[in-house]
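Structure first, commentary second.
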Amino acid sequence: IAGITQAPTSQILAAGRRMTLRCTQDMRHNAMYWYRQDLGLGLRLIHYSNTAGTTGKGEVPDGYSVSRANTDDFPLTLASAVPSQTSVYFCASSPGLAGSYNEQFFGPGTRLTVL
Amino acid sequence: EDQVTQSPEALRLQEGESSSLNCSYTVSGLRGLFWYRQDPGKGPEFLFTLYSAGEEKEKERLKATLTKKESFLHITAPKPEDSATYLCAVQPHNNDMRFGAGTRLTVKP
């Protein structure tokens, strides 16, 4: 079934540790995104990528980095996790470029707890 | 600043009791307004895109409408399976997509 897969499903992490959240899409979409979802705040964009080799910052990029080596994969790395990064993380993709008219398709999410 | 506000935060309905969810927005030029459905523990699922004031879209018991300042998601004769959180998002011309905090809908049998 075409779509977005994310791994892990959930993770408990000690503060200061490095963590990479994985995201893979098989729809050959151009743009990919990482969001965090916190209670009462809605989804907030962390980083995005329009094509392999290019990335951009979203609303809340501090403490996170991304890379886009190919069309399908878009990992999100927390270099040194802090408790405020406890959240549910969603990867998404869209056929068109970021900021265009296209709807976004979301993965199932990764629930991350930083202690 | 581009902003999206959804109301109410939570809504409880009896099965068959129609109602509407509101999404108010302020953006520096609207490229599109999106409605998503999110079930507990899952990612948002796309429902509708609206591009201009006066536009309406329908899908089963749901109808989305758009004005220059707000959008409504009308739910007609809801069923328990319509229980979910409904998210509204706006795509401004010169900024990232902005999401509202959502309305959590519960439909009791």
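Here is how names work: the chains are called A, B, and so on, in the same order as the sequence lines, proteins then strands, and each is numbered from 1.
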Residue part contacting chain B, namely of [X], when any heavy atom lies under 4.5 Å:
X: A:Tyr35; result: side chain
X: A:Asp38; result: neither
X: A:Leu45; result: side chain
X: A:Tyr48; result: side chain

Hydrophobic cluster membership, [X] vs [Y], 4.5 Å side-chain cutoff:
X: B:Leu87; Y: B:Val90; answer: no
X: A:Phe90; Y: A:Met19; answer: no
X: A:Val88; Y: A:Val114; answer: no
X: A:Leu112; Y: A:Leu76; answer: yes
X: B:Tyr86; Y: B:Tyr25; answer: yes

Quiz prompt | Option that, when pairs with chain B are counted at under 4.5 Å, heavy atom only, ranks first among A:Glu103, A:Glu59, A:Arg44 | solution =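 Most heavy-atom pairs within the cutoff with chain B belong to A:Glu103.
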Exercise. Heavy-atom pairs under 4.5 Å with chain B are the metric here; pick the option from A:Gly56, A:Cys91, A:Gly42, A:Ser100 that has the most.
Key: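 Among the listed options, the one with the most contacts to chain B is A:Ser100.
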Practice problem: Please look at B:Gln38 and chain A and tell me whether the side chain, the backbone, both or neither of the residue comes under 4.5 angstrom of a heavy atom of that chain. | Solution: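 For B:Gln38, the side chain is the part near chain A, not the backbone.
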Quiz prompt | Residues of residues 96-109 of chain B within contact distance of chain A, non-hydrogen under 4.5 Å | solution =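 Near chain A, by residue number: B:Asp96, B:Met97, B:Arg98, B:Phe99, B:Gly100, B:Ala101.
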Self-check item: Contacts with chain A made by residues 40-65 of chain B (heavy-atom distance under 4.5 Å), listed by residue number
Solution: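 Against chain A, the residues of residues 40-65 of chain B that fall inside the cut-off (heavy atoms, under 4.5 Å) are B:Gly41, B:Lys42, B:Gly43, B:Pro44, B:Phe46, B:Thr49, B:Tyr51.
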Within a 6.0 Å radius of atom [atom1] on [X], are there more than 12 heavy atoms belonging to other residues, nucleotides or ligands?
X: A:Leu39; atom1: CG; value: no
X: B:Glu1; atom1: CD; value: no
X: B:Glu9; atom1: CD; value: no

Quiz item: Do B:Tyr36 and A:Gln104 have side-chain heavy atoms sitting under 4.5 Å apart?
Solution: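 They are in side-chain contact.
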Quiz item: Taking atom CD of A:Gln37 and atom OG1 of B:Thr85, what is their separation to the nearest 0.5 Å?
Solution: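 It comes to 8.0 Å.
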